[in-house]
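See structure below.
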Amino acid sequence: LPYLDAPQAVLRMAALAGLRQLGESVIRQRAAALLDDPDMPVRATALVIVLAESQGPDYARAYQRWEAMLNDPDPGTQMAALSMMAEVPETPLQGRVYRALDHTQLSVRHTALRVLQQLALAGRISGLDSALLRALEADDAESRELALLVLSALGTGEALEHMLVLLDDE
């Protein structure tokens with residue numbers, strides 16, 4: 001696909017979207033060529049494609065790139081890395097979502113809560129974490145609401161007990 005090398009990020013993104021629909025190993029190889037793309041959405045999409053198959057030859061390099069994004073000081077880069085979590089198979093990096101709940105930037109904390117909700121709905125997390133419980137008592141209403149959505153998605157008895165306690169306090 002010639003569009004993978006296009007100077008415009010929007011064309012590279014469209015080419016990646018088209019490749020994702022085909023689902024072949026050649027696609028992962030082509031996506032691997034974009035793991036260092038200067039455009040964050042292009043790079044993140046390429047990472048998701050390569051990380052979707054944990055046995056691929058470029059998996060280790062993609063995993064390292066993803067981990068570096070999670071550690072990047074730029075909040076936008078961290079949010080992009082967190083947002084990928086629900087699109088890739090379960091990984092030890094999933095614990096980073098809970099760590100992001102304590103981030104200094106509210107936007108990163110909100111992204112982490114949205115990702116936790118996606119993971120809970122997919123059945124990829126089942127337990128409560130102290131950082132999630134702290135989010136229930138956050139100063140901003142959106143954090144509290146997002147934390148409640150995570151508890152609701154978990155659907156466990158423990159999560160529901162926390163929701164009932166919060167409702168009693170209101």
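Please read these numbers as outputs of a predicted model, since none were measured by experiment. Side chains are part of it too, since the values below use all heavy atoms of this structure and drop only hydrogens, waters and symmetry mates.
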**OP:** Please lay out, stage by stage, how H110 and L146 fare under the test side-chain contact (heavy atoms from CB on, under 4.5 Å).
**Re:** CA-CA 7 Å; H110 287 174; L146 289 168; 3.9 Å; yes
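Shortest non-hydrogen contact noted between V42 and A9 is CG2-O, 3.6 Å. Across every non-hydrogen atom of P89 and A52, the tightest pair is CG-O, 3.6 Å. Counting all heavy atoms, side chain and backbone alike, L51 lies closest to Y63 at CD2-N, 3.7 Å. Minimum heavy-atom separation, V115 to S83: CG2-CA, 3.9 Å. Residues L119 and A86 come closest through the heavy atom pair CD2-CA, 3.9 Å. Between R61 and L35, the closest heavy-atom pair is NH2-CD1, 3.4 Å.
Ion pairing between E142 and R114 holds under the 4.0 Å rule for side-chain N and carboxylate O. Salt bridge D102/R134: present, at least one basic N to carboxylate O contact under 4.0 Å. The pair R12-D37 meets the salt-bridge criterion, since a charged nitrogen lies less than 4.0 angstrom from a carboxylate oxygen.
Hydrophobic clustering (ILVMFWY, side-chain heavy atoms < 4.5 Å, transitive): L121 and Y98 are in distinct clusters. Transitive grouping of hydrophobic side chains (ILVMFWY, heavy atoms separated by less than 4.5 Å) brings V108 and M69 into a common cluster. L106 and L148 sit in two unconnected hydrophobic clusters of ILVMFWY residues. Membership requires side-chain heavy atoms under 4.5 Å apart, directly or through other members.
Interatomic distance, CE of M40 versus CG of D72, reported as 6.5 Å (0.5 Å rounding). Between atom OG of residue S130 and atom CG of residue L101 there is a gap of 9.5 Å, rounded to the nearest 0.5 Å.
Looking at residues two or more places apart in sequence or on another chain, you find a salt bridge (charged side-chain N to carboxylate O under 4.0 Å, His left out) between E67 and R96.
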